Amino acid sequence: MTFTLPMHGGCNCGEIRYLVTRAPLTAYICHCHLCQKRTGSAFSMSIVIPADGLEVTAGNPIRKERPIPGGGSNVSLLCPSCYSRISTLREGRPTINVRAGTLDDTSWIKPVAQLWTSSAQPWALVDGILSYEEQPSDFSALLAAWKGAASRK
């Protein structure tokens, strides 16, 4: 997994451009129904970075909040023209999830885990990575798997 910082990315139409300025902590696939609906596909893929590692360099994304069970909210940044979802931040967390497909170069990303396999399309499950039926309460195994994969390169 070789990448160079900063990483460049943006929305589908090009109105929103951003930089990732901090190294990814992990990458995963989410098979939940919400991600399936948002992407129109079988899953979404995210890289997790420190919350201060995303810098919008062009455009003014829409800030969309969604309440989550148990309190708090997820805050997503979307393009106001093409509605591409750039990132999601859970209130109070030190990390932000960047939608991997919005990066200009995605060739280096290899997810180390898949979440919400309980709602996955059977043909879309990935062998050989960590798998969770729902949302894990602890991401330390994902962080360790990412470090291990990076050290083998």
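This one's a predicted model, so the numbers in the text were calculated from it and none came from an experiment.
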Legend entry - Pair Val48-Ile96, side-chain contact (heavy atoms from CB on, under 4.5 Å): steps then yes or no: CA-CA 6 Å; Val48 180; Ile96 189 169; over 6 Å; no
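- Note that CD1 of Ile49 and OG1 of Thr26 are 13.0 Å apart. Values are rounded to the nearest 0.5 Å.
- Under 3.5 Å, the side chains of Arg38 and Ser44 contain no donor-acceptor pair of N or O atoms.
- For Ala58, the side-chain contact (heavy atoms from CB on, under 4.5 Å) partners are Arg17, not counting sequence neighbours.
- The main-chain N or O of Leu103 is never found under 3.5 Å from a side-chain atom of Thr106 such that the two would form a donor-acceptor pair.
- Under the 4.5 Å side-chain criterion, counting only non-hydrogen atoms from C-beta, Arg22 is in contact with Asp52.
- Taken to the nearest 0.5 Å, the CD1 atom of Ile129 stands 12.5 Å off from the OH atom of Tyr28.
- Taking hydrophobic clusters as Ile, Leu, Val, Met, Phe, Trp and Tyr residues chained together by side-chain heavy-atom distances below 4.5 Å, Phe3 shares a cluster with Tyr18.
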Legend entry - Verdict with reasoning, Ile109 to Ile47, per side-chain contact (heavy atoms from CB on, under 4.5 Å): CA-CA 8 Å; Ile109 303 170; Ile47 62 168; 4.1 Å; yes
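- How far CE of Met45 is from SG of Cys35: 12.0 Å, rounded to the nearest 0.5 Å.
- For the pair Gln36 and Leu34, the minimum side-chain heavy-atom distance is 4.5 Å or more.
- Side-chain N/O atoms of Ser81 and Glu15 include a donor and acceptor closer than 3.5 Å.
- The minimum heavy-atom distance linking Ala141 with Leu130 is given by the pair O-CD1, 3.6 Å.
- Contact check for Leu19 versus Met7: no side-chain heavy atoms found under the 4.5 Å cut-off.
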Inset, instruction - Take Arg66 and Ser73 through the test side-chain contact (heavy atoms from CB on, under 4.5 Å) and record every step on the way to the result. - result: CA-CA 5 Å; Arg66 179 180 60 85; Ser73 64; 5.9 Å; no
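- By the 30° and 60° cut-offs, the orientation of the rings of Trp108 relative to Trp146 is perpendicular.
- In the model, Tyr132 has no side-chain atom that pairs as donor or acceptor with a side-chain atom of Ser118 under 3.5 Å.
- Ion pairing of Arg63 with Glu65 is present here, as a side-chain N (NZ or NE/NH1/NH2) and a carboxylate O approach within less than 4.0 Å.
- Residues satisfying the salt bridge (charged side-chain N to carboxylate O under 4.0 Å, His left out) test with Asp127, not counting sequence neighbours, are none.
- Here the shortest heavy-atom pairing between Thr39 and Phe43 reads OG1-O, 3.5 Å.
- Here the closest heavy-atom approach between residue Pro61 and residue Val56 is recorded as CD-CG1, 4.0 Å.
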Inset, instruction - Walk me through it: do Tyr83 and Ile62 pass the test side-chain contact (heavy atoms from CB on, under 4.5 Å)? - result: CA-CA 9 Å; Tyr83 300 107; Ile62 297 170; 4.2 Å; yes
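- Using a 4.5 Å cut-off on side-chain heavy atoms (C-beta onward), Cys11 and Ile86 make contact.
- Leu115 CG to Phe139 CZ: the interatomic distance, rounded to the nearest 0.5 Å, is 5.0 Å.
- Donor-acceptor pairing under 3.5 Å is lacking for the side chains of Ser131 and Thr117.
- The two residues Asp104 and Gly9 have their closest heavy-atom pair at OD1-CA, 3.5 Å.
- No donor-acceptor pair closer than 3.5 Å links the side chain of Gln114 to the backbone N or O of Leu125.
- Between the Glu91 side chain and the Asn74 main chain, no donor and acceptor come within less than 3.5 Å of each other.
- Under the 3.5 Å distance criterion, with hydrogens and angles disregarded, a donor-acceptor pair is assigned to the side chains of Ser76 and Arg85.
- Taken to the nearest 0.5 Å, the CG atom of Leu77 stands 8.5 Å off from the CD1 atom of Ile16.
- Across all non-hydrogen atoms, the minimal contact from Ala23 to Pro50 is O-CD, 3.6 Å.
- Listed here is the closest heavy atom pair of Ala42 and Ala124: CB-CB, 3.8 Å.
- To the nearest 0.5 Å, the span separating CG on Leu25 from CG on Leu143 amounts to 6.0 Å.
- For the residue pair Gln135 / Trp116, a side-chain donor-acceptor distance below 3.5 Å is found, with atom types taken as modelled.
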